[in-house]
Structure formats: C-alpha cells, structure tokens
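Notes to accompany the following structure.
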Amino acid sequence: MLQLAFIRENKETVLAGLQKRNFANAPDVVEQLLTLDQQRRDTQRELDDVLSQSNAKASQIGALMKSGDKTAAEAAKAETAELKVRSKDLAESLRQIEVELQNVLVTVPNIPHSSVPPGRSADDNEVVLENGAKPTLYDGAQPHWELIKKYGPDGGPLIDFELGVKISGAGFPVYRGKGARLQRAMINFFLDEALKAGYAEVQPPIVVNEDSGFGTGQLPDKEGQMYYVTEDKLYMIPTAEVPITNLYRDVILPEGQLPVKNVGYTPCFRREAGSWGAHVRGLNRLHQFDKVEIVRIEKPENSYAALEEMSQYVQGLLQKLELPYRVLRLCGGDMGFTSALTYDMEVWSAAQQRWLEVSSVSNFETYQANRLKLRSKIDRGDGPGKMQLLHTLNGSALALPRILASILENNQTPDGIRIPKVLVPYCGFDVIN
RNA sequence: AGAGAGAUGGCAGAGUGGUCGAUUGCGUCGGUCUUGAAAACCGAAGACUGUAACAGGUCCGGGGGUUCGAAUCCCUCUCUCUCUGCCA
C-alpha cells in the first residue's frame, strides 16, 4: 500500500509509475485519493476540535461535582448535548471517508523502480543475461512427463499424476522412489546453501489468517488464487513469503537487528483458477508444490544492493545445479502488484524447448511494510533515531517442480538421468535408471 | 469438546467512573561514582495522527453501548491460560 503522504508529495512520480504499469485511469484514481485525503484531514481536524471542547467540558463538570456545586454541574452538562451530536456525526463521516479511502488505496499497485522497462506483457520483459550452454539431446529424448514413466519403482512412474488425481485431484502429483528422494534432497540442499549464505531458518505455518493475507498483499482481491478453509477462516499459503514476512507484522525492529535474513521451506498451494491449458503439462504448473523461500528486511538505503545479492545467490544455485538459465527484469505490465522491481530466473527445459520460471526475486520497498506496520527507529546521526518503514524483499530459492523437470529433461541419456553432482551427497544416488 | 479464569506500555504487574497515556518492579538508554566493570544513586524513554512549530486528537485484545466523563460499567467477538476429556 502506498503512503498517502507520498502520493501527496510526489503526484507526478506516482502518475508516471502507474502509467508504466498500464494502470487504468491513473489520473482519476490519484485525484480521487487526494480529494478523499483532504476531506479526511479536514473532517479529522473538525472532529478533534469538537472532542477537545467536550474534554474540556467534562473535566469542568468533574471539578464542579467535586466542589459540590450540583447546579452549575447540571448546567454544564446541558451544554455538552450539541457537542455530542456533532462529534457523532463527524466521527461517522470520518469513518465513511476512511473506508472509501482504504478501498481505493488497496487497488493501487506499487510504483515501479526507475530501471523497470515499460511494457504490457511477458514479451516486453528485458533479458538481463543468459548463462550456461543449452544441452543437445539425443534422438528419442522426451519431455519429463514421458520420461517419468520409465523410471519409477515397481514399474510405476517416478511421479504419479494419476494416483494424485485419485487421492486429491489434478495438479497434486505423488512423487515416488527416487523422485521423492530427489525432492527431499533438493529441499535440504537449498536450505543448507541458504544457511551458508547467512539466512536463518524458520518453519512457519502453512495456513494463515486474513490479516496475514492482507499484510503481504494477497488480500483483498486475490482470494480466488488461494485455498480457503471456511470453517476456520484460514488461507493455505501460496508461498512462504506470506507467513515469513508476516512474522514481522506490527513489529518495530531494533536497528541493530537489521538486516533480517530468513529462509524457510514450505509446500505452496495455488488454485491457479482458469490457467489450465497448453504449457501446463506435467510439473509445469501444479496446485501443490514445494519451495524454499528467502525473505529479507532491509534499511531503505540497502534494499537494492540486497536485491542484487539475492539475484546473485539464486543464480549461484542454478549454476551449482548445472542448469542453463536466464535472468529477466520484468516490465511494468508483467510485474506483481506489490513489487517495485522483480527479477525472474528461468531455466532451460531442453525437451520442451522452453524457459521455465523457477524463481522470482522482488523488492517491495515500503509497499508491504506499510501494510504490515513494519518499522525501525533508524539513527542517521542527526538527533534521535527517526521511525520509518523498512523495505521487504523475497525470492524463491528455489521452487522445486520446474527444477526437477529441467534436471530430468536436460540430463537424460539413453541410459538414464544423471543427477547434478551437488545433489548426489543429498540423495545418495547419481543416476536414475 | 466441557468448566472456570483472564487479555493493560519491551516483560512482569497495579489500577474497578473524574488531570490515567496510565502506580510500581525488571529490562533498556544517558549521567554520577570507578583504573574498568558491578552495585548504588540521579535522570530519560510509547505508538499513531496533526501543526511551519506549538496546541489539539486517538490508542489499556477487536467491535458496539451506557455516561457530561470509561482502562474501570454493560453487550458481543477473538484469543490466551488452568482443570477435565480426546489425540499426532
């Protein structure tokens, strides 16, 4: 959520930013916000004034009662009637204005960083770099959804989609044998790497309440993308970003604790309503998948350096896994609602001849922190530390299914699938055959 | 799931209608003392809003009500704790 004071003072920046995102009727919305904001402040001031008078009267009455002057007290009471009516009316209009203001404000996305390219869709994303050689596969190489049929235990598939359908439904695969072990190996590998890089491990709940959904920006508006347990009003998390970032909701962090670096593994759940069709076969898009997520909380002046560091970190993982990848800087039209700058990492899937997104690393600046009320008193050496919103960042490091798809496809040979060296100590085998 | 108790500032814990944003203790920060530290003593310190700056306003789990006036009374919701039951 943007801060009203920021919109007030940087109207042109806000307008330009929203236009970069192709946000509809940006000028109207900004005008509306500024008008409501002015109304809110005027009403607030008037209400404060009335309350101030009431307070004065009340203590006057208190004093009169104490001195035993009943008549004067009663007379003073009579004078409060009008104030009371006025304060009720003003409080009611203030409430309405605030509701309206909030309703508009939550529809406004974050302002893109200056380096974000303009554009409407994924086609306009900027390829920052490409790394690693795309493998040439042998004749008869197959996409992963075919490959998995060859190598499972007891003649079954390595990843059983049909069995998942029986248990749960489409998009909930069952990993078996070496498929399951490889999953577990990747989780441990990713967590260990993050620990080495200074991230502190957390294991958060995987269902969250509405306040948490609001804090990171999933709610309101994206209810349709999350599974919801109506009985308990809990949402199943679409990413560990939600519970981990919300650990710091309503928190004033001591400056000395910054930066915060957390890592957590969780399953993630996405309804993916309406997104079924071509390009979503096999592991490409699931309702449930595993992901290791890194979350950082930074002082504003450090957040972009942190973002670059996170990008480098994720790239390092992909290099260790020996996967060809590219890094995209998302354009204004393709960026998430809450982000100011996002890098997507995509790995090459050799049999599908496609890039698959396996990580998204974003800086949200104060957009989430404002919703979360995540702040710190930062000492700038010019008097007492000033309270300010912190910057939040997160990134996948990494999402498992597409990494697995890519390993299976890229490393296939007529004799089996080669496991990347770094994972061998974790899974205990070096080939699936 | 049943019964009871409770929710107050970083923590503990007073306050049951009138200068209460809130006694006190611990913790924190600054100072005195000390070679240094500890102890002791003195002092400082909430958040939000608002203003050029003052002032003013709001906040004692959330919401609503009674009253001139609510941390304090009433209703309601949520959560926590204790006991009983069940259970990975």
Side-chain angles (χ1 to χ4, degrees), chain A residues 1-9 33-34 36-102 105 203 205-215 219-220 228-235 243 246-258 260 267 366 369-390:
Chain A
M1 208 158 58
L2 298 178
Q3 298 159 87
L4 274 166
F6 179 82
I7 301 176
R8 220 183 292 142
E9 288 155 24
L33 281 173
L34 292 177
L36 283 168
D37 179 46
Q38 190 57 51
Q39 277 176 28
R40 194 203 93 231
R41 292 196 294 163
D42 292 346
T43 311
Q44 179 76 256
R45 189 172 308 139
E46 209 179 328
L47 174 61
D48 287 355
D49 184 54
V50 172
L51 288 175
S52 174
Q53 291 177 44
S54 303
N55 288 342
K57 273 280 182 261
S59 55
Q60 229 177 66
I61 292 169
L64 288 171
M65 300 284 266
K66 215 170 227 176
S67 69
D69 194 342
K70 285 253 162 95
T71 334
E74 287 305 319
K77 273 192 199 182
E79 291 171 40
T80 61
E82 192 213 332
L83 288 174
K84 202 169 181 178
V85 173
R86 281 184 65 202
S87 75
K88 262 202 168 134
D89 289 350
L90 285 165
E92 176 55 23
S93 22
L94 183 62
R95 197 192 58 82
Q96 281 175 18
I97 292 166
E98 280 176 340
V99 166
E100 202 178 336
L101 195 52
Q102 179 79 357
L105 202 52
Q203 200 173 64
I206 60 172
V207 292
V208 295
N209 58 28
E210 188 179 348
D211 285 347
S212 296
F214 177 81
L219 296 174
Y228 184 53
V229 183
T230 50
E231 191 72 22
D232 300 292
K233 298 191 170 130
L234 293 171
Y235 295 87
N246 271 282
L247 297 176
Y248 303 94
R249 172 153 47 85
D250 283 318
V251 167
I252 299 172
L253 280 171
E255 188 179 358
Q257 284 182 23
L258 295 170
V260 169
T366 59
N370 190 32
R371 295 173 157 233
L372 294 160
K373 296 190 171 50
L374 167 54
R375 296 161 295 165
S376 183
K377 232 175 214 172
I378 296 177
D379 185 359
R380 309 236 175 250
D382 53 355
K386 203 178 141 226
M387 191 69 81
Q388 57 183 287
L389 292 172
L390 294 167

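By convention in this document, chain letters (A, B, ...) are assigned in the order of the sequence lines, proteins followed by strands, and residues within each chain are numbered from 1. Side chains included, hydrogens not; waters and symmetry mates left out as well; all remaining heavy atoms used.
- B:C48 atom P lies 12 Å from atom CG of A:Asn370, rounded to whole Å.
- Qualifying side chain to side chain contact (heavy atoms under 4.5 Å, CB included) partners for A:Leu36, counting only residues two or more places apart in sequence or in other chains: A:Gln32, A:Gln39, A:Ile97, A:Glu100, A:Leu101, A:Val104.
- Residue A:Glu255 qualifies as enclosed at atom CD: its count of foreign heavy atoms under 6.0 Å is above 12.
- Side chain of A:Ser87 to backbone of A:Leu51: no donor-acceptor contact under 3.5 angstrom is found.
- Here A:Gln53 pairs with A:Asp49 under the side chain to side chain donor-acceptor pair (under 3.5 Å) rule; sequence neighbours left out.
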Any protein N or O atoms within reach of nucleotides 56-66 of chain B? Criterion: under 3.5 Å, listing atom names and distances.
residue	atom	partner	partner atom	Å
B:G56	O3'	A:Ser52	OG	3.3
B:G56	N2	A:Asp48	OD2	2.5
B:G57	OP1	A:Asn55	ND2	3.1
B:G57	O2'	A:Asp48	OD1	2.8

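- Counting only heavy atoms from C-beta on, A:Arg375 has its side chain closest to B:C48 among B:C48, B:C68, B:U51.
- The gap from the P atom of B:C59 to that of B:G21 amounts to 11 Å, rounded to the nearest Å.
- Spacing between B:C74 and B:C26 at atom C1', rounded to whole Å, works out to 36 Å.
- In this view, A:Thr366 and A:Gln3, A:Leu389, A:His391 satisfy the side chain to side chain contact (heavy atoms under 4.5 Å, CB included) rule, not counting sequence neighbours.
- A:Met387 comes within contact range of the sugar-phosphate backbone alone, with a heavy-atom separation under 4.0 Å but no base atom that close.
- A:Asp37 and A:Arg40 are joined by a salt bridge, as a carboxylate oxygen and a charged side-chain nitrogen come within less than 4.0 angstrom of each other.
- Atom P of nucleotide B:C48 and atom CD of A:Gln3 are separated by 12 Å, given to the nearest angstrom.
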| request: Carefully, step by step, assess A:Phe214 and A:Arg249 under the rule side-chain contact (heavy atoms from CB on, under 4.5 Å). | output: CA-CA 10 Å; A:Phe214 177 81; A:Arg249 172 153 47 85; over 6 Å; no
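- Rounding to whole angstrom units, CG of residue A:Asp232 and P of B:U78 are separated by 11 Å.
- Side chain to side chain, A:Asn55 and A:Ser52 fail the donor-acceptor criterion of an N or O pair below 3.5 Å.
- A:Leu389 places its CG atom 12 Å from the C1' atom of B:C48, with the value rounded to the nearest Å.
- For the pair A:Met65 CE and B:U19 P, the computed distance is 13 Å after rounding to whole Å.
- Separation of the P atoms belonging to B:C42 and B:U24 is 13 Å when rounded to the nearest angstrom.
- With P as the reference atom, B:C87 and B:C77 are 30 Å apart, rounded to whole Å.
- B:G50 sits 10 Å from B:A55 when the C1' atoms are compared, rounded to a whole Å.
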Output a table of nitrogen or oxygen pairs between the protein and nucleotides 7-12 of chain B separated by less than 3.5 Å.
none

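- Mapping A:Arg40 and A:Ile252 onto RNA chain B by nearest heavy atom places A:Ile252 at the nucleotide closer to the 5' end.
- Between the P atoms of B:U80 and B:G25, the separation comes to 33 Å (whole Å).
- Separating the NZ atom of A:Lys77 from the P atom of B:C68 is a distance of 6 Å, rounded to the nearest angstrom.
- A straight line from CG of A:Leu101 to P of B:U49 spans 13 Å, rounded to a whole angstrom.
- B:A5 and B:G9 are spaced 23 Å apart, taking the C1' atom of each and rounding to whole Å.
- Side-chain atoms of A:Lys377 lie closest to B:G46 of the nucleotides B:U49, B:U51, B:G46.
- Atom CD of A:Glu98 has more than 12 neighbouring heavy atoms from other residues, nucleotides or ligands inside a 6.0 Å radius.
- A:Ile378 is listed as a side-chain neighbour of A:Leu390, based on a closest heavy-atom distance under 4.5 Å.
- Under a cut-off of 6.0 angstrom, the local environment of CD in A:Gln203 is sparse, with at most 12 non-hydrogen atoms contributed by other residues, nucleotides or ligands.
- With pairs defined as Watson-Crick or G-U wobble and both atom distances under 3.5 Å, the stems of at least three pairs that touch RNA chain B come out as B:1-7 with B:78-84, B:10-12 with B:24-26, B:28-32 with B:40-44, B:46-49 with B:56-59, B:61-65 with B:73-77.
- Looking at A:Tyr235 and A:Leu219, their side chains come closer than 4.5 Å, going by heavy atoms from C-beta outward.
- Side-chain N or O atoms of A:Ser93 include one that pairs as donor or acceptor with a backbone N or O of A:Asp89 at under 3.5 Å.
- Summarising the geometry, the separation between CD on A:Glu74 and C1' on B:C68 is reported as 9 Å, rounded to the nearest angstrom.
- Nucleotides B:G27 and B:A40, compared at atom P, are 9 Å apart to the nearest Å.
- For A:Arg45, whose side chain is taken as the heavy atoms from C-beta onward, the closest listed nucleotide among B:C48, B:C68, B:G50 is B:G50.
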